[in-house]
Amino acid sequence: GAVVSQHPSRVICKSGTSVKIECRSLDFQATTMFWYRQFPKQSLMLMATSNEGSKATYEQGVEKDKFLINHASLTLSTLTVTSAHPEDSSFYICSARDPGGPGNIQYFGAGTRLSVL
Amino acid sequence: QQPVQSPQAVILREGEDAVINCSSSKALYSVHWYRQKHGEAPVFLMILLKGGEQKGHEKISASFNEKKQQSSLYLTASQLSYSGTYFCGTEIASGSRLTFGEGTQLTVNP
């Protein structure tokens, strides 16, 4: 299957700092990428849909000023957690929709485990 | 609306079979199946488009009953590597967001 790269895999930061997470589609161009948040033993919760060249679409209850998304190219989307606090600690996963395959398959990055002290 | 998966958890011995179900209250365009191991990203298994098709992937196959808006994932002669949490993701229209179920935790013991 297609490859989606996500960095960093783990980050520990102090409360109040900002953290940037990158998501890259390595072997296809993705006009649409997605950002999810996952708590332990729970499902994937969609935070926002990232569209290349336009503003991201945020799900209800997700603060767009807190979670900044930029999709500047067809292969890169970034999520910046601004002024992170301990309650933002979670597993963040990105996915990219492959436009070339059958159906609208999403391929996931390896995830970023964020710990805010 | 989130699809409902059943069972929530299943424990197997190596070589046994299992079925995981995914039901939606809405008409579906497609159903996607993923497997996630602890601390890792979900891995795509297969996609089923409306039309009631059945697909196979090694010893893992799936069906999609469009009338009932249900999909089932079949794991035959399970292997240790099959352990993980299985998620179904449903799409109500082509290009719409995927909505994931709560997941089914599958454990395969020797």
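Computed from heavy atoms alone, side chains included, the values below leave out hydrogens, waters and symmetry copies.
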Is any side-chain heavy atom of A:N104 less than 4.5 Å from a side-chain heavy atom of B:Y29? yes
Distance-minimising heavy-atom pair for A:F108 and B:A41: CB-CB, 4.1 Å
Are A:M33 and B:Y34 connected in the hydrophobic side-chain network, where two residues link if heavy atoms are under 4.5 Å apart? no
Could you see if A:L26 belongs to whatever hydrophobic cluster contains A:I21? Use Ile, Leu, Val, Met, Phe, Trp, Tyr and a side-chain cutoff under 4.5 Å. no
Would you indicate whether B:I11, at its atom CD1, is surrounded by more than 12 heavy atoms from other residues, nucleotides or ligands within a distance under 6.0 Å? no
Residues 79-96 of chain A vs chain B, non-hydrogen distance cutoff under 4.5 Å, contacting residues -> A:F91, A:I93
Name the option with the most non-hydrogen atom pairs under 4.5 Å to chain A; the candidates are B:T85, B:T99, B:L98. B:L98
Using non-hydrogen atoms only, which part of B:Q105 is less than 4.5 Å away from chain A: side chain, backbone, both, or neither? neither
Tell me the residues of residues 35-69 of chain A whose non-hydrogen atoms fall below 4.5 Å from those of chain B, in number order. A:Y36, A:Q38, A:Q42, A:S43, A:L44, A:L46, A:E59
Any sub-3.5 Å donor-acceptor pair from B:R97's side-chain atoms to A:F34's backbone N or O? no
Out of curiosity, does B:V4 fall in the hydrophobic cluster containing B:V19 (side-chain heavy atoms, cut-off under 4.5 Å, transitive links)? no
Hydrophobic cluster identity match, A:L74 and A:V4, side-chain contacts under 4.5 Å: no
Is chain A contacted by the side chain of B:E40, its backbone, both, or neither, given a heavy-atom distance below 4.5 Å? backbone
B:Q5 portion near chain A, given a 4.5 angstrom heavy-atom threshold: neither
Identify which part of B:F100 has an atom lying under 4.5 Å from any heavy atom of chain A, answering side chain, backbone, both or neither. both
Joint cluster assignment, A:F28 & A:L76, ILVMFWY side-chain distance < 4.5 Å: no
Distance, nearest 0.5 Å, that separates CD1 of A:I105 from CG of B:L45: 11.0 Å
